[in-house]
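Numbers here are sequence positions counted from 1. The shown structure was predicted, so the numbers you read here are calculated from the model rather than taken from an experiment. In what follows, every heavy atom counts, from backbone to side chain, and hydrogens, waters and symmetry copies are set aside.
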Amino acid sequence: MPQVRHAPGTGVARTGASNPELADFSRRFWWTLPLTLAVTALAMGGHALSLFHGATQNGVELVLAAPVVLWAGWPFYMRGVRSIIQRSPNMWTLIGLGTAAAFLYSLAATLAPGLFPATFMMDGRVGVYYEAAAVIISLTLLGQMLELKARSQTSAAIKSLLGLAPKTARRINADGSEADIALSHVHSGDTLRVRPGEKVPVDGVVLQGESAVDEAMLTGEPVPVMKRPGDGLIGATLNTHGSLVMQAQKVGSATVLAQIVQMVVQAQRSKAPMQRLADVIAGYFVMVVIAIAVLTFVGWGLWGPQPSWVFGLINAVAVLIIACPCALGLATPMSVMVATGKAASSGVLFRDAAAIENLRSDGTIIMYLAVDGVLAGLLALADPIKPTTRPAVERLQADGVRVIMATGDGLTTARTVARQLGIEEVHGEVKPLDKERLAAALQERGHRVAMAGDGGCTGHERQLCLSGV
């Protein structure tokens, strides 16, 4: 998470100027990337170029890979250990096991090649997996960097929100004198003056005066709202022209602005339903992979050719290396964080990660409802699909009939309906004349075309129906 410090008077954490975790991962990635590229190039083509001979190449690969695995990958091993201690296996468990097994096996092959059968020797050395371990660590670091950078975009939105709050407030003392004080010194019940052009310091209620207050930062409504004695005020909104005397009611973390900022912070930490599902799958996946690795080791050890247990160890290590779930573990959180960051950069803030998933492009038709020219809400309309429609489409397809949807509805709606019916070819936003041209084009290619309308044929569609097209 980004570095935070408490913002005066808001009661919420203020995003710092730098993200130490991103800086740490970036340093580990960029400093060791040349080593990863070098050990990979050496492993792939070093023998062909005859750069090194025999066991010397293994030693050089060890020198190149050790900083990547032992230093750059250290945070991942710590996460893997914690997952084991907490009995919650996840992708870090498998990444740690896979890369550690690959490195330790390669280390044994480098320092004690005599432990391995002679058949394992090729070009005077035992094959090693240094490059595999290094590449997995570098790719995982890259994924973490991308995720943290996406988070930083949301952090920038948080900083801009915090910048909306004024730094000081003008308090009216009991003797009638006035003084500017730091926002953090404002308490509930204090009497404050808000002069023209100043921001309302905290949430409260108007005691005296009358003025129009710009609340666009909260509501998005550009027209200022008139405030009179007894009306509520929201911190960080702008007093446009009149002088107001107010009583502070909510300060610190109780203000509306502080709660908005806190919701954005929580959104960064929350998980979407799909992400939680990925975590559950990853937990089972880890256990299955470990079980397969153990069975591989035992199976080769008991029934494999001699030296059977050495063969078993090598194949078990191969299972752990191949099964590292980098994509499963990184794709979902990265998608959520990129969506959150991109939205924040456009001024859209999500309450939590689940809201992103709930927002998904369902194929309904959106109608805008207005009252006196002002947007009042949205109405989503959808045509329910008859329960007999999909079986009918499947029967036609089973009989060899090619089913095509051509509709005047929007393409998004058409694709959604087609997906539910199992129709692959879809044409949306199609005019009646375009439907006729589509049918004619199919006929020119030798197809016999039949058209079914949605309740009645009119215009060009009537002509198509009457002509048997």
Find out whether [X] and [Y] are in side-chain contact, i.e. whether some heavy atom of one side chain is under 4.5 Å from a heavy atom of the other.
X	Y	result
Leu35	Val39	no
Leu313	Val317	yes
Thr140	Thr99	no
Pro75	Phe25	yes

Residue pair [X] / [Y]: nearest heavy atoms and the distance that separates them:
X	Y	value
Met405	Leu421	CE-CD1, 4.4 Å
Gln397	Ile423	NE2-CA, 4.3 Å
Ala293	Ala316	O-CB, 3.5 Å
Lys250	Val202	O-CB, 3.4 Å
Thr255	Gly252	OG1-O, 3.2 Å
Ala406	Lys435	O-CE, 3.6 Å

(request) Mark yes or no for whether Gln443, through its side chain, and Val449, through its backbone, hold a donor-acceptor pair below 3.5 Å. (result)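 Not confirmed, Gln443 side chain does not pair with Val449 backbone.
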(request) Mind checking side-chain hydrogen bond (donor to acceptor under 3.5 Å, both in side chains) for Ser138 and listing every partner two or more places apart, or none if nothing turns up? (result)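 Per chain and number, Ser138 pairs via side-chain hydrogen bond (donor to acceptor under 3.5 Å, both in side chains) with Thr36.
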(message) Please enumerate all residues that pass side-chain hydrogen bond (donor to acceptor under 3.5 Å, both in side chains) together with Asp203, with sequence neighbours excluded.
(response)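 None.
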(request) Can you run down the salt bridge (charged side-chain N to carboxylate O under 4.0 Å, His left out) pairs that involve residues 22-31, sequence neighbours left out, and say none if there aren't any? (result)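 Matches after skipping sequence neighbours: Asp24-Arg27, Asp24-Arg28.
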(message) Going by salt bridge (charged side-chain N to carboxylate O under 4.0 Å, His left out), name the pairs with one or both residues in residues 79-91, residues two or more places apart or in two chains.
(response)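 Checked against salt bridge (charged side-chain N to carboxylate O under 4.0 Å, His left out) - neighbours excluded - the pairs reaching residues 79-91 are Glu21-Arg79.
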(message) With a 6.0 Å cut-off (strictly less than), is the heavy-atom count around CE of Met78, excluding the residue itself, greater than 12?
(response) yes
(message) Does atom CH2 (Trp74) have a neighbourhood of more than 12 heavy atoms from anything else shown, all under 6.0 Å?
(response)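 No, the 6.0 Å shell around CH2 holds no more than 12 heavy atoms from other groups.
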(request) Can you sort out the partners of Glu394 under salt bridge (charged side-chain N to carboxylate O under 4.0 Å, His left out), two or more places apart, ordered by chain and number? (result) Arg390
(message) According to salt bridge (charged side-chain N to carboxylate O under 4.0 Å, His left out), who are the partners of Glu425, at least two apart in sequence or on a separate chain?
(response)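 With sequence neighbours excluded, Glu425 shows a salt bridge (charged side-chain N to carboxylate O under 4.0 Å, His left out) to Arg402, given in chain and number order.
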(request) Go through the steps for Val430 and Leu438 under the test side-chain contact (heavy atoms from CB on, under 4.5 Å), then give the verdict. (result) CA-CA 10 Å; Val430 178; Leu438 175 62; over 6 Å; no
Not counting sequence neighbours, which residues clear side chain to side chain contact (heavy atoms under 4.5 Å, CB included) with [X]? List them please.
X	result
Val289	Leu94, Phe285, Val319, Leu320, Ala323
Pro305	Trp300, Phe311
Ser83	Asn90, Thr93
Leu37	Leu33

Indicate every side-chain donor-acceptor pair of residues 106-113 with a distance under 3.5 Å to a residue at least two apart or in another chain.
residue, atom, partner, partner atom, Å
Ser106, OG, Ala102, O, 2.7
Ser106, OG, Tyr129, N, 2.7
Thr110, OG1, Ser106, O, 2.8
Thr110, OG1, Tyr130, OH, 2.8

(message) Tell me every residue that passes ring pair (Phe, Tyr, Trp, His ring centres under 6.0 Å) with Trp309, counting only those two or more places apart in sequence or in another chain.
(response)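 Result, ring pair (Phe, Tyr, Trp, His ring centres under 6.0 Å) vs Trp309: Phe297.
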Calculate, to the nearest 0.5 Å, the distance between atoms [atom1] and [atom2] belonging to [X] and [Y] respectively.
X	Y	atom1	atom2	answer
His185	His187	NE2	NE2	7.0 Å
Glu424	Ile404	CD	CD1	11.0 Å
Leu97	Leu104	CG	CG	10.5 Å

(request) Test side-chain contact (heavy atoms from CB on, under 4.5 Å) on Phe103 and Leu62 and set out the steps. (result) CA-CA 9 Å; Phe103 184 79; Leu62 169 61; 3.8 Å; yes
(message) Show, in sequence, the C-alpha distance, side-chain angles and deciding distance for Val69 and Tyr77, and conclude whether the side-chain contact (heavy atoms from CB on, under 4.5 Å) test is met.
(response) CA-CA 10 Å; Val69 176; Tyr77 296 123; 3.0 Å; yes
